[in-house]
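Working notes, structure below.
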Amino acid sequence: MSQVNAVPQPDLVLISWSRNPLVPGSARRIVAARVIGSAAPCRSDLRPNALLRTALACLLDNDVGFKIVFRKQTSPISGYLLLQREG
């Protein structure tokens with residue numbers, strides 16, 4: 001009888017971000033983040049009001065292995081990103 005192996009599922013991270021509309025050129029900050037699977041070791045960077053730049057630096061690091069698969073700017077001051085890491 002052959003053994004059936006489960007196919008590894010990718011880890012997904014969805015991040016919603018915004019800028020302060022009263023401060024031109026302000027940094028993008030995380031409004032909300034949702035993780036399907038694992039975001040280790042970057043989970044602590046995905047909290048509301050954290051800098052998006054810091055979270056992306058961790059997630060996109062070669063050792064962590066996430067890639068941006070979709071990005072959308074929904075207004076001049078907000079948008080979202082979807083990142084994926086193969087399992």
message = For the CZ atom of F66 and the CG atom of L83, what is their distance to the nearest 0.5 Å?
response = 7.0 Å

query = How many angstroms lie between CG in L81 and CZ in F70, if you round to the nearest 0.5 Å?
reply = 10.0 Å

Counterpart residues, side-chain contact (heavy atoms from CB on, under 4.5 Å), relative to V31 (two or more places apart) =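 For V31, the residues satisfying side-chain contact (heavy atoms from CB on, under 4.5 Å) (neighbours in sequence not counted) are S16, S18.
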
Going by atom type alone, with no hydrogens or angles, which donor-acceptor pairs under 3.5 Å involve a side-chain atom of residues 43-59 and a protein atom two or more places apart or on another chain?
| unit_1 | atom_1 | unit_2 | atom_2 | d |
| --- | --- | --- | --- | --- |
| R47 | NH1 | S44 | O | 2.8 |

CA sep, side-chain torsions, deciding dist, call: L82, I68, side-chain contact (heavy atoms from CB on, under 4.5 Å) = CA-CA 6 Å; L82 177 63; I68 296 172; over 6 Å; no

ask   = Step by step, would you call Q84 with D11 a side-chain contact (heavy atoms from CB on, under 4.5 Å)?
value = CA-CA 6 Å; Q84 178 179 348; D11 296 321; over 6 Å; no

key: With sequence neighbours excluded, residues passing side chain to side chain donor-acceptor pair (under 3.5 Å) with T74   = S78

ask   = Can you check whether W17 reaches R71 side chain to side chain, under 4.5 Å on heavy atoms?
value = no

task = Return yes if some donor-acceptor pair links the side-chain N/O of Q9 with the main-chain N/O of V7 below 3.5 Å, else return no.
result =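 Yes, Q9 side chain to V7 backbone: donor-acceptor pair under 3.5 Å.
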
request  = Give the minimum heavy-atom separation between Y80 and L14, together with the two atoms involved.
outcome  = CD1-CD1, 4.2 Å

key: side chain to side chain donor-acceptor pair (under 3.5 Å): pairs with one or both residues in residues 20-39, sequence neighbours excluded   =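 Pairs touching residues 20-39 that pass the test: none.
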
Same apolar cluster: L60 and L12, side chain cutoff 4.5 Å =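 Unlinked, L60 and L12 end up in two clusters.
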
